[in-house]
Protein chains: 2
Amino acid sequence: MTPDQKAPVCVLGTGLIGGSLLRAAVGAGYDAWGYNRSEAGAQAARADGFDVTGDLLGVLNRAVDTDALIVVAVPMPAVDHILAEVATFAPRCSLTDVVSVKAPVAEAVRRHGLAARYVGGHPMAGTSESGWAATDPGLFRDAVWAVGVDEGTHPEPWLRVARLALACDAVVTPVVADEHDRAVARISHLPHVLAEALAVAGAAGGDLALGLAAGSFRDGTRVAATAPDLVRAICEPNATALLDVLEETLTVLGAARDSLRDEGTLVDLVEAGHDGRERYATAQRWEITDIRPGDHNWREALREAGQRGGVITELD
Amino acid sequence: MTPDQKAPVCVLGTGLIGGSLLRAAVGAGYDAWGYNRSEAGAQAARADGFDVTGDLLGVLNRAVDTDALIVVAVPMPAVDHILAEVATFAPRCSLTDVVSVKAPVAEAVRRHGLAARYVGGHPMAGTSESGWAATDPGLFRDAVWAVGVDEGTHPEPWLRVARLALACDAVVTPVVADEHDRAVARISHLPHVLAEALAVAGAAGGDLALGLAAGSFRDGTRVAATAPDLVRAICEPNATALLDVLEETLTVLGAARDSLRDEGTLVDLVEAGHDGRERYATAQRWEITDIRPGDHNWREALREAGQRGGVITELD
């Protein structure tokens, strides 16, 4: 494959993320097709002109025949089953995924003997909707797409995955699985947990409280509208990292409670929170330009750049 | 005053809420003017064609001369000082406020001997911005405006306040101070506290976590961008009610932590949260049409209707 070739893409699972990826890849000129377990979802995709079926074996055979990149785009609880099929029918294809945690997927990939051509992936995009009807080829525009640089990752599949992310109009953040999982516990899974808790607290106030609710409650509970099974599939596989940051947050909230009760003030929490939000709002992405996948120590160099907020916006 | 008369309106404090109210009232045909402590804020309002000065005595004298409704629109920490001036220079004017808590304002009003013509108010609208530059005459469109029906409230000033709220395109929820304060602790003050805690947790993840942050973190921390002094002025005066719901939420989050640690699941939290958000998203406002202020037992009847989600959308 020359650098500008667009290798075929085989998407396993055409829900919100996988379906949007399929649409974006086709829109970018890739030969891309998909599998969906539910026939209704596959039909909806076909009605929109996309090549999606419920025939997993056929889809995987086509991937083998065309040396496609296989993208696992099912929720974590379904990953093991899908990888077993990949290991049986397409064990030598390049492989990535768009699942919300990386270490458990990498572990499953190793268990199925698929590690050699695997590169972890996670586009940081989504809505509270799900299914084909919610798919959007522009979902990844300006989004960050985490692409794994774990030990043993090979440059050729890495470049395929990174090029696909860029073709979807995302930017690439290189990251290793454990650091990814700890980071998303903070900025994706904890937001889910707090949104659920806020929704519980509001509803406990009955019609009066819900009737008085305005922007802060609406925004603070938005992701609690996500289907419960999906929230659990996102958060529960990352239990270890989520427990750490949840414990940390319980400590922060407990200290705020004590301060409000004993001294009538929330000053420490409010100032630290404002600083944190400011840091987020003013954070600048910077472009990683000087590290070529395959060069000496490329994975470690990319990892270190990603830790400092660097992203890849183009590859030659 | 006949029912369709628009009594003059004197706004004390022309920040985000007071300034937007002034703009909306003038837009609705009211004779309205304002006072602002900061000369820069008053000048900005004048530059936009509004009658705002730093001369509190002059502003209050004009309120007395025209029998205006005085609207206290300063943060809670400044309420006592403003009420002292009102008690000295305009003690017989009708009086309302737009402060985020109601029991502490009512207590201050009583202390200054102004209770007879006072009606508590709180428009449930805002942004994370503040000051005249952020004002918007459409800020209250379709918003809920809580209007107090506490014991001793007189129908004539009540109707003035409710008519002003409707003229600003809001709907009116009748509520007593204590119930208001407990409700807003749940749907306004707790969202602030959780947003601050989430921003702290995200920032603790450094550039990598903040770089991976997407919609759930952005929405969940939005109100943490509010100026810290303003957040404290909103939340701290409601400490009692906020402490209750914060304690409740610590219990809910602690149970979720235990369940995730011991059983690997967030099922109880996620399902309850989803139910709460659904209840919020599907809540229907219904119109209170059969209760006339001044009728027998009108305050209690309005209070009970407000508890059940009723709103007033017009007054004849």
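Naming: A, B, ... by sequence-line order, numbering from 1 per chain.
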So do the side chains of [X] and [Y] get within less than 4.5 Å of each other, counting heavy atoms only?
X      : Y      : answer
B:D150 : B:R299 : no
A:L243 : B:R257 : yes
A:H192 : A:C235 : yes
B:I187 : B:M124 : yes
A:V119 : A:V149 : no
B:H122 : B:S100 : yes
A:D181 : A:P104 : yes
B:F217 : A:S188 : no

Where on [X] is there a heavy atom nearer than 4.5 Å to chain A: the side chain, the backbone, both, or neither?
X      : value
B:A195 : neither
B:R218 : both
B:R261 : both
B:T265 : both
B:V270 : both
B:A204 : both
B:E278 : neither
B:L198 : both
B:A197 : both

I need the residue from [options] with the largest number of non-hydrogen atom pairs under 4.5 Å to chain B.
options                        : value
A:A143, A:G211, A:P191         : A:P191
A:V231, A:D275, A:L253, A:V144 : A:L253
A:G276, A:A203, A:S216         : A:S216
A:E247, A:E248, A:H180         : A:E247
A:G220, A:A256, A:G206, A:A283 : A:G206
A:V200, A:L212, A:V184         : A:L212

Is any NZ, NE, NH1 or NH2 atom of the basic residue among B:D219 and A:R222 found under 4.0 Å from an Asp or Glu carboxylate oxygen of the other?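 Yes, charged N to carboxylate O under 4.0 Å.
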
Note: B:K102-B:E179 ion pair, threshold 4.0 Å (strictly below):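 Salt bridge flag = no for B:E179 with B:K102.
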
Backbone of B:D136 reached by a side-chain donor or acceptor of B:S20 within 3.5 Å: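 Pair found, side chain donor or acceptor close to backbone of B:D136.
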
Looking at B:D169, is its backbone amide N or carbonyl O close enough to the side chain of B:W145 to form a donor-acceptor pair, meaning the two atoms are under 3.5 Å apart?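 A pair under 3.5 Å: no.
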
Are side-chain N/O atoms of B:R277 and A:T221 paired as donor and acceptor at under 3.5 Å?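 Yes, side-chain donor-acceptor contact under 3.5 Å.
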
So which of [options] has the biggest tally of heavy-atom pairs under 4.5 Å with chain A?
options                        : value
B:L246, B:V252, B:T240         : B:L246
B:V171, B:L242, B:V267, B:D229 : B:V267
B:R182, B:E271, B:E236         : B:E236
B:A183, B:G309, B:P228         : B:P228
B:L194, B:L190, B:L260         : B:L260
B:G202, B:A201, B:A185, B:G205 : B:A201

Contacting region of A:V193 [heavy-atom separation from chain B under 4.5 Å]: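 Contact with chain B involves both backbone and side-chain atoms of A:V193.
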
A:V311 versus chain B, heavy atoms under 4.5 Å apart: side chain, backbone, both or neither?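 The answer is neither part of A:V311.
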
Show your reasoning for whether side-chain contact (heavy atoms from CB on, under 4.5 Å) applies to B:I312 and B:T289. CA-CA 7 Å; B:I312 295 167; B:T289 54; over 6 Å; no

